[in-house]
Structure formats: C-alpha cells, structure tokens
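Before any comments, here is the structure.
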Amino acid sequence: MTTQFGKGCHLHLIDGSAFIFRAYHALPPLTRKSDGLPIGAVSGFCNMLQRYISDNTGSDAPTHVAVIFDKGSHTFRNDLYDQYKANREAMPEDLRPQMPLTREATRAFNIACHEIEGYEADDIIATLSVQAREAGGRVTIISSDKDLMQLVGGGVEMFDAMKNRRIDVEGVEEKFGVGPDRVVDVQALAGDSVDNVPGAPGIGIKTAALLINEYGDLETLLDRAGEIKQPKRRETLLEKREQIELSKKLVTLDENTPLDFTLDDLEVKDPDADVLLEFLAQMEFRTLTKRVADTLGAEAPAIADTPAAASSTDSVAPEWSAIEPDKYERVSDMVALNRWIAQITALGYVAVDTETTGLNDMQADLVGISLSTAPGTACYIPLTHRDGDSDDLFGSDKLAEGQLGLDETLKALKPLLEDPAILKIGQNMKYDAKIFVRYGVYVAPFDDTMLMSYALHAGIHGHGMDTLSDRYLNHTPIPIKSLLGTGKSAITFDKVDIEEAVKYAAEDADITLRLWMTFKSELHRAQVTTVYETLERPLSPVLAQMERHGVLVDRETLSRMSNAFAQKMAGLEAEIHKLAGRSFNVGSPKQLGEILFDEMGFEGGKKGKTGAYATGVDVLEDLATEHDLPARVLDWRQLSKLKSTYTDALQNHIDPDTGRVHTSYSQTGASTGRMASTDPNLQNIPVRTEEGRRIREAFIAAPGNTLISLDYSQIELRILAHVAGIDALKQAFRDGMDIHAMTASEMFGVPIEGMDPMVRRQAKAINFGVIYGISGFGLARNLRIPRSEAQGFIDRYFERFPGIRTYMDETVTFAKEHGYVQTLFGRKINTPEIAAKGPRAGFAKRAAINAPIQGTAADVIRRAMIRMPEAIKDIPCKMLLQVHDELLFEVQEGAEDQLIAAARSVMEGAANPAVHLDVPLVVDAGQGSNWAEAH
DNA sequence: CTAGAGCGCTCG
DNA sequence: GTACGAGCGCTCTAGC
C-alpha cells in the first residue's frame with residue numbers, strides 16, 4: 001500500500017556521509033574480532049541509525065525517509081574550479097572498506113538509501129527538499145552542515161542530531177546574519193577553507209553579512225562595490241569579482257539533480273527483523289544486536305564466542321543518556337553531602353574534579369568540588385564562591401549564600417578521598433591532587449583518564465578533556481571561557497554564579513566518569529594496561545612531589561645578569577644601527593631582512609611563506625663572513641634570548657611563598673613518552689655555550705645542601721645498539737670505549753689513537769643522525785658539507801653496520817602495518833601519518849624510526865623515577881628535576897656519596913627485570929653548590 | 001586591545 | 001622541502 005507524497009507528509013533526509021565521518025572520528029579504530037575487518041565507523045553508524053529510529057516514533061514521526069550519500073570524488077564543481085575540495089585529506093585507509101557496509105547497514109534497517117555519481121549528497125538533498133516542498137509536504141534535514149542551511153524555510157527545517165537541536169530560519173539567521181535565501185551570497189564572500197572555496201580574501205561571515213544586508217544581494221553589492229568606504233574591502237571586491245562569482249556557483253546547491261527514484265519510493269517501512277538482525281550479527285555487534293532484538297521482540301541470533309566476547313567490539317560505543325547540565329545536583333547541606341558519600345562508599349569509585357581560582361596549583365585556592373557516580377549523575381559542592389552582584393569593593397569578598405563550609409566539607413570528604421578501597425577518578429589528577437595536598441588531603445588510589453588516553457592514543461590526538469569528550473562522547477563541554485571571559489576582563493572561578501558553576505563543574509565530573517568507562521576496557525584490548533599501570537599512573541605522584549618541592553633559584557644572581565645583558569645589548573644595538581645606516585628594531589626579523597637584503601644589497605635572501613626574508617642563525621652566520629652587522633646581530637640575539645627567556649622570565653616564576661621555582665611536568669605532552677616541562681620550562685636551560693651555562697649558577701642548593709646531577713651516558717645510542725642488534729656497537733659499549741671514535745675508526749679505517757677530531761665529529765653527527773632517521777640532506781646541512789659527500793658517509797655507515805638499515809626498514813614496515821610502533825616496554829606510539837603521501841611521508845618515517853629509541857630511553861628513566869622515592873627514603877634528600885636523561889637532586893651535606901650510590905644503582909638497573917639489555921647503562925654523576933657545578 | 005601565526009632559539 | 005622530540009618570547013597582523 002503506497003501513499004502519494006503530498007500535504008501532511010513529512011520527509012526526513014539524513015546526511016549519511018556526515019553520519020559516517022562523525023562515527024569514524026568518535027570511536028577508536030575497532031575491528032571485527034573474527035577477521036580483523038575495520039568496523040568502528042559501521043558500528044557508530046548503526047548505533048546512530050538505531051538511536052534515530054527510536055527517537056522518531058512519536059506523533060511527529062516521518063512518513064518518508066532516506067539516507068543520502070556522496071558518490072565519487074569528481075562533481076560538476078570540480079569542472080568549474082579544479083581546486084574545489086583540493087586540500088581535503090584522503091579518506092583514511094581503514095575507513096574505505098567500511099563505506100559499502102554503511103549502505104548495506106542502511107538497507108538492513110529498511111531505510112531508502114541513495115547516491116548519484118557525480119553529485120554531492122547536498123545536491124540530492126536540495127532536489128528532494130524542493131520537490132517535497134512543492135508537493136505541500138514538510139522536510140527535516142538531519143545534518144548540521146552549514147552548506148545545507150540555504151534550503152531552510154517554507155516547511156524545510158534542519159535537525160542537528162549531535163546537539164539535539166532544530167535549526168529553523170531564525171537559527172540560520174543566527175549563524176549567517178542573513179536569511180536562508182541570502183546564505184549563498186554570504187558564503188560566496190566568506191569562502192570556505194574546508195572545501196577550498198576562495199571567496200573574498202579578508203572577508204569573513206560577519207563582514208559578508210553586513211555587506212549583504214546593506215546592499216540587498218551579492219549582485220547589487222558587486223555592481224556598486226565602488227561606493228564602499230573601506231579602501232581594502234572596496235579593492236578586494238572590485239579585484240576579486242570573478243572569484244566571488246565562481247564561489248557563489250560552488251556553494252549554490254543544484255536543485256535539479258537527475259533522480260532515478262521518486263519521493264513515493266521513500267515511504268517509511270518497518271525493518272525486517274530477520275534481515276536486520278542477521279546483518280548486525282554478521283558485523284559481530286553484540287550489544288546492539290541484543291538491543292535491537294529486544295525492541296523488535298525477536299530472538300537475537302548467536303554470535304560466535306571469541307575469547308574477547310566479554311568486551312565485544314561495539315561495547316565502547318556510548319549508549320548512555322545524553323549529557324544534560326540542567327539535571328546536575330547542587331550540594332548545599334550536610335544531609336545531601338552525606339547521601340553522596342554513602343552512595344560512593346557503596347559503589348567503590350567516584351569521579352572527582354576541583355574548581356579553583358587559577359591554573360597555578362601552587363597558588364590557586366579551592367572554590368568547589370564536583371563528584372560523579374554514574375553517567376548523568378553528578379553534583380557540585382560550591383565552597384568559596386563570592387557574592388558577585390555588588391560593585392562594592394568589599395562586598396565582592398563576601399561568601400555567597402548556600403554553601404557548605406570549606407573545613408567541614410573537607411573533613412567529611414577526606415576519609416573517602418584517602419580510602420584505599422575507593423577509587424578516585426580524575427582527568428589530569430596531578431592537578432587536583434596537588435590542590436588537595438595543600439588542604440591536607442592525600443588522594444589515593446586513583447585512575448587518570450588523561451593518562452589512560454595517552455597510553456591508548458599517544459600520537460593520534462590531544463588528551464585534554466575537551467578533545468576527549470568531543471571524540472569519544474560526541475559532546476562539546478561548556479567552554480570555561482563562557483564563564484570566565486578572556487583577557488583583562490576575565491574573572492576567577494570564585495566569582496562565577498553558582499547555578500552556572502554547577503552545570504559546568506558537574507559536567508566535567510560526568511564526562512570524566514564516562515571517559516573512564518570507555519577507556520577502562522579499551523586498555524586491555526589495546527594491551528596497554530601494563531604501560532598505564534606501571535609507567536603512567538605511578539609516575540604522576542612522583543612528579544607531583546618534585547613539582548611541589550621546587551628548585552631554589554637566586555633572584556640576585558639573575559637580576560645582576562639581566563642588568564649586565566641589558567648594558568651589552570644597548571652597546572651592540574648602537575653599533576648595529578650605525579652599521580645599518582639607520583635605526584630599526586633589531587628584534588624584528590622582518591625589519592632586519594629588509595635592511596640586509598633590500599637596503600644593504602646582500603645576495604641570496606630567501607623569503608618564507610609570509611613574504612619576509614629568513615634571517616635565522618644559518619643565514620646570518622654565512623653573511624657574518626662578509627660583514628660585521630650580521631655578526632653583531634648574532635651576538636645581540638644570544639644576549640636577548642638569555643635575558644628575555646631566562647634571566648628576566650625566571651624571576652617571575654619564583655614562588656612568593658617558597659622562594660623556589662616550581663615547574664609543571666606534562667606527562668602527555670610528547671608523543672614518545674618523554675615528559676615536557678612548562679611554566680617555566682626547566683628542560684631547556686642553556687648549557688652549550690659558556691655564557692649561557694652561567695645561568696645555571698642561579699640554580700642553587702639550599703643552605704647546608706648540595707645539588708647532585710646524575711645523567712645517563714649515551715642512552716639512546718645504547719638502546720639503538722640493543723634494538724638493532726649491532727654487535728660491534730654493543731661490544732664497544734661493554735668495553736667502555738669512546739663510541740664516536742670507534743664508529744669513525746670502523747667507517748674510515750683510521751686508528752682510534754691520535755684521531756683527527758674532525759673525523760670523530762663527523763662520526764658523532766652520523767650516530768645522532770641515525771637516531772633521528774638519517775637523510776643525506778639533514779646530515780649535509782648539519783656538517784655543512786655537500787649532500788653527495790654526506791650520502792657517501794651514510795652509505796658507508798650502512799655497509800659497515802647493515803643491522804641499522806634492517807632495523808629502520810622493519811620499523812617502518814611495522815608502522816605501516818599496525819599504525820603504531822612500540823618501545824621495549826610495550827608503550828605504543830601511534831604513527832597516523834605513516835600512510836601519507838608526499839613530504840609528509842618522509843617526516844612520518846623518520847618519526848617512526850626515532851620513536852622506539854627515544855621512547856625506550858624515556859621509559860627507562862621513568863622506571864628509575866618511579867622507584868626512586870623508595871630507594872632514597874632514608875637519605876635526607878629530594879629529587880628536584882628531570883631533563884630527559886638527567887635527574888637533579890638536592891641532598892643534605894654529608895649524604896652526597898650515599899645518594900649517588902643509591903640513585904645510580906636505581907638508574908643503571910632501571911630496565912630490569914622487564915627487559916634485559918645487551919648493553920650496560922652507565923650513569924655519570926656530578927655535584928656542587930649550583931647546577932653549573934653539578935652538571 | 002587581544003588572539004594567533006610565524007620566526008627564532010633554547011634543551012636532550 | 002628534510003634530520004627526532006619539546007616550550008616560550010617577541011613581532012606582526014587581523015579582527016573586535
């Protein structure tokens with residue numbers, strides 16, 4: 001029985017391609033258990049279809065529905081403009097085989113499914129929308145694509161399924177500043193970097209809307225462009241007219257796509273239970289198959305039980321309730337707080353988040369605490385919010401009404417947060433733990449979703465909560481900026497209205513809990529549970545303690561140096577201006593480039609992408625042989641760097657309470673497993689030049705103490721010798737030989753005794769080059785020799801140590817096959833770019849070669865750091881800093897030798913017992929009253 | 001006035 | 001067009 005499409009009918013058009021990409025990016029790369037077929041996007045797609053169907057059963061259910069896909073990459077738009085969508089990335093390899101499966105899935109759900117060669121889905125959607133509207137029906141387009149907004153109006157609406165929001169004419173006006181009928185005009189002007197629609201350079205959506213509203217439409221605007229007052233805009237519109245008109249053609253949807261079906265063919269049909277369940281079972285979606293079977297009142301077909309059946313492939317697809325910030329609880333009294341505590345105690349775990357007055361965990365004060373026990377169930381306990389509604393200078397210091405006392409709340413929560421039987425879950429727990437310590441609360445045990453994400457996905461994306469929420473929960477959290485504002489007018493969290501704070505803060509705890517549930521089982525499946533539990537989680541409290549202790553920095557020394565630098569710089573500046581013949585800003589590479597290459601006439605100036613001359617150290621060193629000016633600029637730059645980045649900036653980082661500098665280590669910042677130090681970065685304090693090294697004299701031991709530095713000797717080369725199995729190198733390390741001299745001797749056949757230092761230097765450069773994924777170009781530039789000569793060195797090196805080439809080739813092959821490489825301790829470093837084409841391929845290869853070496857070295861020192869507190873607990877000392885292969889300690893005078901022995905033993909044995917290295921690890925030690933002496 | 005990109009330089 | 005991995009200060013520009 002079919003009905004003619006007409007008045008009273010309601011057509012739903014689903015943007016299928018958008019669904020697929022959303023599903024693909026939202027989920028980890030799942031594969032079908034039985035044969036390894038990539039299936040993540042199909043899984044997400046099916047979950048979305050299922051959810052769509054169950055959400056659309058009410059009185060406003062559609063009478064007609066279709067899923068529309070893109071087909072082919074070449075459309076009429078490419079004929080108009082060959083750069084259209086030209087910078088779009090190629091479809092990921094593991095997504096391609098899933099495309100036909102999404103069509104199958106749609107048909108299995110018994111939903112019409114259409115695509116037409118040479119047309120984008122948007123054009124088909126446009127054509128159907130117009131036909132349906134003209135037939136007197138209503139249309140809802142399930143998509144959030146702004147390119148479709150031109151269709152809205154006259155019975156056509158859009159629905160953003162992710163945000164659960166309808167988009168009507170008003171919504172379009174909000175987005176574009178004009179009605180749907182003028183959207184294409186605005187798009188033609190604003191362009192679109194994603195689709196590579198050029199538009200008018202320098203004009204964005206805001207300006208475009210302004211112009212269109214003033215002139216009525218694009219054609220009138222272009223005809224009367226000469227009247228525009230702003231010179232830049234006028235020029236652009238006059239000059240780029242053709243480009244703008246082309247852009248309009250590109251963004252205008254084709255409403256006359258030739259269709260091989262009619263609206264009547266799209267009538268809603270119930271799914272055939274047998275067909276649908278068979279498809280889902282074939283895909284091995286256990287959870288979804290069961291759920292669909294329940295809804296249809298049918299029996300779920302059996303799915304072959306594999307060992308991993310307990311964690312079926314689609315179980316990570318979020319199936320929880322939507323995130324609704326309006327439903328969170330505000331805890332204002334002890335009765336409610338005790339109810340939460342009882343619930344958490346019975347449950348055994350809780351997600352925790354703190355809100356504070358700032359990002360500096362040594363200074364920020366606690367403002368409130370949020371807790372979550374289940375998806376959608378979360379609360380916020382405001383503690384020290386201030387009354388914000390008064391302009392009175394004193395009024396703003398008054399505590400707001402309806403808050404529990406800080407002391408009584410912490411007293412009630414302390415037993416729970418310290419209870420060894422209750423797991424505390426946090427996102428970047430190091431921050432919250434450091435805050436709590438300052439209030440006498442020692443959080444343990446804990447899980448950290450940021451570290452879980454890092455163990456799973458290092459190298460793929462960031463691990464901040466916003467990124468993770470977007471990716472794994474399909475949800476964009478409330479931006480903190482919407483509460484605090486930005487820049488000078490920004491407020492601190494204690495000034496935020498409590499009702500707003502509840503939504504924001506409790507949402508963070510809710511999201512953290514959901515992420516934990518998602519990652520928990522995934523760790524096992526990815527076989528990184530051990531990495532997380534032995535290399536990530538236990539390091540966090542060690543870092544927290546180092547950061548809290550800080551390193552003593554002498555302000556007087558820095559200040560004296562700053563003054564000395566300022567004087568020298570002033571002298572150099574005068575000299576430079578004289579040599580240049582006029583005054584200019586020496587600190588501006590742009591101005592310097594113009595002086596050198598335009599005014600003074602030096603040859604060989606190369607411009608970068610911004611059109612400015614390059615004036616880096618390589619360029620200036622070359623020019624310095626011809627003229628004094630570039631040489632003086634190099635001197636000036638060295639001083640300027642030391643002053644601004646070190647002697648000035650470090651003073652601002654001295655904590656007023658402790659008199660020490662407290663860096664912050666980011667455990668998830670570097671993809672290889674290294675730490676990164678920030679605020680300030682204490683891992684790049686100068687050491688290579690004599691003048692720079694003197695800055696380390698300002699890093700001092702407290703009175704009665706000594707600084708001790710222990711560093712691994714040649715750790716990366718030793719690891720290379722081990723993993724690549726180079727017998728000659730391994731033996732040299734066992735014999736304690738000079739490894740670079742030995743390499744030179746092997747390569748050039750010269751004796752080690754009385755070797756030319758230049759020859760050794762070249763061998764050293766090659767040894768390092770190998771670790772970095774050597775290239776003739778790179779080595780040539782480093783040694784400043786011709787490329788052919790460099791290539792000759794490399795060839796000879798590979799000839800003498802053939803195992804190195806084998807290791808490199810095997811590593812790259814492994815990366816291509818698996819999408820990641822591994823350290824000796826099982827850490828995975830993802831290499832998503834390894835399949836790229838062009839210059840990116842080279843980058844990805846070299847990174848893949850370097851990652852296991854750098855990463856294994858990082859793992860070794862991490863293991864040492866994790867064991868260190870126990871090993872030195874009876875020695876009066878503190879571990880202060882880590883600089884990749886070095887640890888810096890502060891120890892009471894008299895205990896130096898004891899500490900060196902204990903710490904060296906831990907460091908040299910750090911690979912054991914997990915890994916037996918064929919080469920010894922050797923640690924050098926130094927000591928002194930400051931870091932310059934100790935290093 | 002502010003945010004972000006680009007440049008340049010520091011470290012292992 | 002190129003060595004691997006990081007962070008930060010300065011200048012300059014676009015846009016509010």
Side-chain angles (χ1 to χ4, degrees), chain A residues 201-207 232 459 481 485-490 585-593 606 608-620 633-634 637-646 648-650 652-653 663-666 669-689 692-693 695-696 711-712 714-716 720 765-766 768-783 787 790 794 829 838-855 857-858 861 882-886 935:
Chain A
I203 294 185
I205 289 186
K206 293 259 164 73
T207 312
K232 196 148 186 201
K481 283 180 182 172
T486 58
K488 254 176 89 175
S489 59
N585 182 352
V586 184
S588 163
K590 185 165 168 270
Q591 293 177 31
L592 176 66
K606 286 206 183 87
K609 55 180 139 185
T610 51
Y613 291 108
T615 66
V617 63
D618 289 357
V619 178
L620 295 192
V633 171
L634 283 171
R637 280 206 186 148
Q638 196 199 357
L639 297 175
S640 159
K641 178 74 177 180
L642 294 176
K643 182 171 187 292
S644 67
T645 309
Y646 300 105
D648 285 353
L650 276 173
N652 301 325
H653 280 284
T663 184
S664 180
Y665 287 102
S666 162
S671 60
T672 55
R674 272 194 179 181
M675 256 80 74
S677 158
T678 64
D679 307 304
N681 180 357
L682 295 186
Q683 291 180 321
N684 70 348
I685 304 301
V687 70
R688 290 174 189 173
T689 67
R693 186 157 53 236
I695 288 175
R696 295 190 175 217
D711 68 291
Y712 285 105
Q714 313 274 21
I715 187 169
E716 293 192 353
L720 174 70
I766 298 172
F768 276 105
V770 167
I771 293 172
Y772 297 153
I774 200 158
S775 75
F777 184 94
L779 184 65
R781 204 177 60 168
N782 189 286
L783 284 176
R787 189 169 169 174
I794 295 171
I829 299 144
R840 291 150 69 115
F843 279 109
K845 269 190 191 175
R846 293 192 295 269
I849 290 165
N850 173 261
I853 303 169
Q854 189 184 114
I861 196 164
Q882 189 253 37
V883 191
H884 308 309
D885 63 359
E886 171 189 4
H935 186 78

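Each chain gets a letter, A, B and so on, in the order its sequence line appears, and its residues count up from 1.
An OP1 or OP2 oxygen of B:dC9 is reached within less than 4.0 angstrom by no side-chain nitrogen or oxygen of A:Arg688. Close to C:dC12, at under 4.0 Å from its OP1 or OP2, lies a side-chain N or O of A:Gln591. Regarding contacts with the backbone of C:dT13, a side-chain N or O of A:Lys590 is found under 4.0 angstrom from either OP1 or OP2. Contact annotation: A:Thr486 reaches the phosphate of B:dA3 (side-chain N/O to OP1 or OP2, under 4.0 Å). Put simply, A:Ser588 has a side-chain N or O that comes within less than 4.0 Å of OP1 or OP2 on C:dC12. Dashed line: the shortest gap from a side-chain N or O of A:Arg674 to OP1 or OP2 of C:dA6 is not under 4.0 Å. A sub-4.0 Å separation between OP1 or OP2 of B:dG8 and a side-chain N or O of A:Thr615 is present.
Taking only distance into account, the side chain of A:Arg846 meets the base of C:dT2 through a donor-acceptor pair shorter than 3.5 Å. The base of C:dT2 does not come close enough to the side chain of A:Arg840 for any donor and acceptor atom to sit less than 3.5 Å apart.
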Inset, instruction - Please lay out, stage by stage, how A:Leu682 and A:Leu650 fare under the test side-chain contact (heavy atoms from CB on, under 4.5 Å). - result: CA-CA 9 Å; A:Leu682 295 186; A:Leu650 276 173; 3.9 Å; yes
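Counting any heavy atom pair closer than 4.0 Å across all strands shown, A:Asn684 reaches a base atom. Among the heavy atoms of the strands, none lies under 4.0 Å from A:Phe768. Among the heavy atoms of the strands lying under 4.0 Å from A:Ala649 are primed sugar atoms or P, OP1, OP2 only; no base atom is included. Within the nucleic acid shown, A:Ser677 comes within 4.0 Å of sugar-phosphate atoms alone, with no base atom in reach, counting heavy atoms only. Among the heavy atoms of the strands lying under 4.0 Å from A:Ser671 are primed sugar atoms or P, OP1, OP2 only; no base atom is included. Using a 4.0 Å heavy-atom cutoff across all strands shown, A:Gly587 reaches sugar-phosphate atoms only and no base atom. When heavy atoms are screened at a 4.0 angstrom cut-off, A:Ile774 is found touching base atoms of the nucleic acid. A:Gly773 comes within 4.0 angstrom of nothing in the nucleic acid, heavy atoms only. Among the protein residues, A:Ala614 comes within range of the sugar-phosphate backbone only, with heavy atoms under 4.0 Å from sugar or phosphate atoms but none that close to a base. Contacts of A:Asp648 with the nucleic acid, taken as non-hydrogen atoms under 4.0 Å apart, are absent. As judged by a 4.0 angstrom heavy-atom cut-off over every strand, A:Ala490 is placed among residues making no nucleic acid contact. Within 4.0 Å of A:Gly776, counting heavy atoms only, lies no atom of the nucleic acid at all. Within 4.0 Å (heavy atoms only), A:Arg787 reaches at least one base atom of the nucleic acid. No contact: A:Asp711 has no heavy atom under 4.0 Å from any strand.
Side chain of A:Val883, nearest nucleotide from C:dA6, B:dG12, C:dA3: B:dG12. Of the candidate nucleotides C:dG5, C:dA3, C:dG9, C:dG9 has the atom lying nearest to any side-chain atom of A:Thr645. Considering only the side chain of A:Phe777, C:dT2 comes nearest among C:dC8, C:dT2, B:dG12. Nearest to the side-chain atoms of A:Asp885 among the listed nucleotides C:dA6, B:dG12, C:dA3 stands B:dG12. Among the nucleotides C:dC8, C:dC16, C:dA6, the one closest to the side chain of A:Lys206 is C:dC16. With distances taken from any side-chain atom of A:Ser775 to the nucleotides C:dT2, B:dG12, B:dC7, the minimum falls on C:dT2.
Overall, the helix from B:dC1-C:dG15 to B:dG12-C:dC4 carries an axis bend of 0° between its ends, with five pairs at each end and the value rounded to 10°.
Taking atom CD of A:Gln683 as the reference point, atom P of C:dG5 lies 16 Å away to the nearest angstrom. Summarising the geometry, the separation between CG on A:Asn681 and P on C:dG5 is reported as 17 Å, rounded to the nearest angstrom.
In this structure, the side chain of A:Ser640 does not engage the main chain of A:Lys643 through any donor-acceptor pair within 3.5 Å. Side-chain N or O atoms of A:Gln683 include one that pairs as donor or acceptor with a backbone N or O of A:Gln882 at under 3.5 Å.
Counting only heavy atoms from C-beta outward, the side chains of A:Tyr646 and A:Asn684 approach each other to under 4.5 Å. You'll find the side chain of A:Thr615 reaches within 4.5 Å of the side chain of A:Arg637, heavy atoms only. You'll find the side chain of A:Ile771 reaches within 4.5 Å of the side chain of A:Asn850, heavy atoms only.
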